[in-house]
There are 2 protein chains.
Amino acid sequence: MAIAASPATGPHMRRLARREQTIEEALDTAVLIMEEAGVGGLSMSEMARRLGMRQPSLYKYFPSLHGVYDALFARGLARSYAAVQAAAEPLPAGVARIRGGARALIRWAVQNPALAQLLFWRPVPGFTPTEATFATSEQQMRWLGAEFAEAVRLGHLRPDAGSVEALRLFTVLLSGVVSQQMANQPGVGYDTGVFSSLTDTALDMFFARYTNPGGPDADPRP
Amino acid sequence: MAIAASPATGPHMRRLARREQTIEEALDTAVLIMEEAGVGGLSMSEMARRLGMRQPSLYKYFPSLHGVYDALFARGLARSYAAVQAAAEPLPAGVARIRGGARALIRWAVQNPALAQLLFWRPVPGFTPTEATFATSEQQMRWLGAEFAEAVRLGHLRPDAGSVEALRLFTVLLSGVVSQQMANQPGVGYDTGVFSSLTDTALDMFFARYTNPGGPDADPRP
DNA sequence: GTCTATATGTTGATAGAC
DNA sequence: GTCTATCAACATATAGAC
């Protein structure tokens with residue numbers, strides 16, 4: 001592996017890094033366009049125009065417009081996942097961690113409406129993400145399932161909170177808050193949005209349903 | 001008023017009816033296109049093509065593409081409202097009626113994905129419905145608020161169910177079910193969809209939160 | 001990797017004959 | 001109300017010179 005000296009800083013790697021940087025810059029621009037013109041309003045021409053580049057040059061970085069969407073989808077997944085993990089990891093396992101992750105996801109979605117729409121809805125006709133990028137999505141769901149199982153094991157939630165139905169109901173809540181906030185108050189921040197402010201109430205409602213009446217440490221019936 | 005004989009069947013009215021019929025047919029076609037190509041995939045050209053008409057002729061019926069979207073928005077509002085009312089009206093006032101209306105709305109949304117997306121999300125960049133059509137939307141919300149107030153009066157729900165927060169939380173649930181169903185299982189029916197099947201569970205969860213522990217007839221605290 | 005040039009297609013909308 | 005003709009933009013994508 002490390003035969004050549006400092007391969008990560010050699011001219012080849014520098015060139016690769018430069019290329020990566022251009023791609024990142026192009027995706028930044030794409031996000032700006034989508035925030036102005038809608039997710040469906042993205043075009044190679046407008047991207048090139050804003051990048052000070054001719055439109056055909058963009059095809060050296062992306063194979064097609066679909067390729068751009070796919071890269072944006074992957075970026076959205078990675079960033080939302082990172083935001084959730086960064087918020088959830090330091091918290092104690094169980095409902096506290098789940099709550100923190102949910103808050104972080106909704107906050108991220110409200111702050112990144114274009115990418116969030118691409119992930120939560122399917123606004124681009126004929127666009128389906130690549131299998132590879134879609135795998136990240138399933139990873140996120142597996143993580144959430146594991147956290148629910150842990151919350152059950154800790155006695156925070158009743159055993160039926162580990163069912164797929166409970167997990168789906170949880171995603172319904174998150175999706176609902178995000179959808180209502182973005183559709184009815186676009187451009188309004190997380191803290192002032194009338195729907196994003198309902199996040200904790202919605203989570204309370206959900207956890208109350210899956211908590212034993214006797215409290216967090218009550219014995220689940222055998 | 002009724003000076004001329006049978007004005008509703010005279011030649012003038014017949015002509016008007018014919019015009020209305022053409023417009024309805026055009027909107028039917030528009031819905032089909034949106035279901036195939038996405039809400040943003042609608043175009044005057046494709047509409048005219050399928051109607052066996054030249055594209056400029058369509059401008060005799062709609063002032064612009066935005067005008068078509070506005071008519072579709074109005075149609076979606078009217079039909080969803082009608083579906084909700086038809087299901088809710090025969091039911092006894094209170095939670096039963098609210099539950100029936102919610103079920104009907106989600107069923108309608110799943111069965112009419114294109115119009116539902118136009119109503120629930122804002123997928124068309126730069127399109128905002130006319131004030132007149134938007135008024136219908138507020139009418140629907142006022143009806144829902146009145147039903148909640150009635151449920152509180154009947155003792156079905158706690159007084160705080162009449163708050164705007166509770167009402168918003170309710171719409172979050174409906175929006176969440178619809179969004180998840182349409183995004184993750186497009187084309188799957190209401191009865192077999194894994195998310196639309198959660199409708200009753202979600203409503204149970206909501207009503208449980210706003211019900212007194214002692215049961216529907218327990219005294220609300222003074 | 002950048003550019004020019006170009007093929008090829010689409011769209012929304014208007015003017016004006018019949 | 002229908003049509004033809006047309007305008008002016010806009011788009012994706014490719015070929016090939018430098």
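Note: hydrogens, waters and symmetry copies are ignored here, and every other heavy atom, side chains too, is used. Below, chain A is the first sequence line, B the second, and so on; all start at residue 1.
Between Asp28(A) and Arg50(A) there is no salt bridge, since no side-chain N of the basic residue sits under 4.0 Å from a carboxylate O of the acidic one. One finds no salt bridge joining Asp70(B) and Arg75(B) here, because no Lys/Arg side-chain nitrogen approaches an Asp/Glu carboxylate oxygen to under 4.0 Å.
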Extract from the structure each pairing of a protein N or O with an N or O of nucleotides 7-11 of chain D at less than 3.5 Å, listing the distance.
| residue | atom | partner | partner atom | Å |
| --- | --- | --- | --- | --- |
| dA11(D) | OP1 | Ser43(A) | OG | 2.9 |
| dA11(D) | OP2 | Arg49(A) | NH2 | 2.8 |
| dA11(D) | O5' | Ser45(A) | OG | 3.4 |

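Glu165(A) and Thr201(B) share no side-chain donor-acceptor pair at under 3.5 Å.
Helical stems involving DNA chain D, defined as 3 or more consecutive Watson-Crick or G-U pairs under 3.5 Å, span C:1-7 with D:12-18, C:9-18 with D:1-10.
OP1 or OP2 of dG1(D) lies within a sub-4.0 Å distance of a side-chain N or O belonging to Arg19(B). Distances shown here put a side-chain N or O of Ser57(A) below 4.0 Å from the OP1 or OP2 atom of dC3(C).
Taking every side-chain heavy atom of Pro56(B) into account, dA15(C) is the closest of dT14(D), dA15(C), dT2(D). For Arg54(A), taking side-chain heavy atoms from C-beta onward, the closest of the listed nucleotides dT2(C), dT14(C), dT4(C) is dT4(C).
Ring to ring, Tyr69(A) and Phe73(A) are not that close: their centroids are 6.0 angstrom or more apart.
Spacing between atom CZ of Phe62(A) and atom C1' of dA13(D) amounts to 16 Å, rounded to whole angstrom units. Rounded to whole Å, atom C1' of dC18(D) lies 12 Å from atom NZ of Lys60(A). In this structure, Leu51(A) places its CG atom 14 Å from C1' of dG1(C), rounding to the nearest Å. Atom NE2 of His66(B) and atom C1' of dA13(C) are 14 Å apart (whole Å). When rounded to the nearest whole Å, the span between OH of Tyr59(B) and P of dT2(D) equals 15 Å.
The one candidate from Arg107(A), Arg103(A), Gln181(A) that meets the side chain to side chain contact (heavy atoms under 4.5 Å, CB included) condition with Thr199(A) is Arg103(A). For the side chain to side chain contact (heavy atoms under 4.5 Å, CB included) with Leu72(A), the lone residue among Leu42(A), Val39(A), Val124(A), Leu77(A) that qualifies is Leu42(A).
Between Phe170(A) and Phe207(A), the ring planes lie tilted relative to each other; the angle falls in the 30° to 60° range.
Pairing each heavy atom of Ile106(A) with each of Ser196(A), the nearest pair is CG2-CB, 4.4 Å.
The separation of dC10(D) from dA7(C), taken at their C1' atoms, amounts to 15 Å, rounded to a whole angstrom.
Comparing Gln55(A) and Tyr61(A) along DNA chain C, the residue whose closest nucleotide (by nearest heavy atom) sits nearer the 5' end is Tyr61(A).
Phe206(B) has its side chain within reach of Leu169(B): a pair of non-hydrogen atoms, C-beta onward, lies under 4.5 Å apart.
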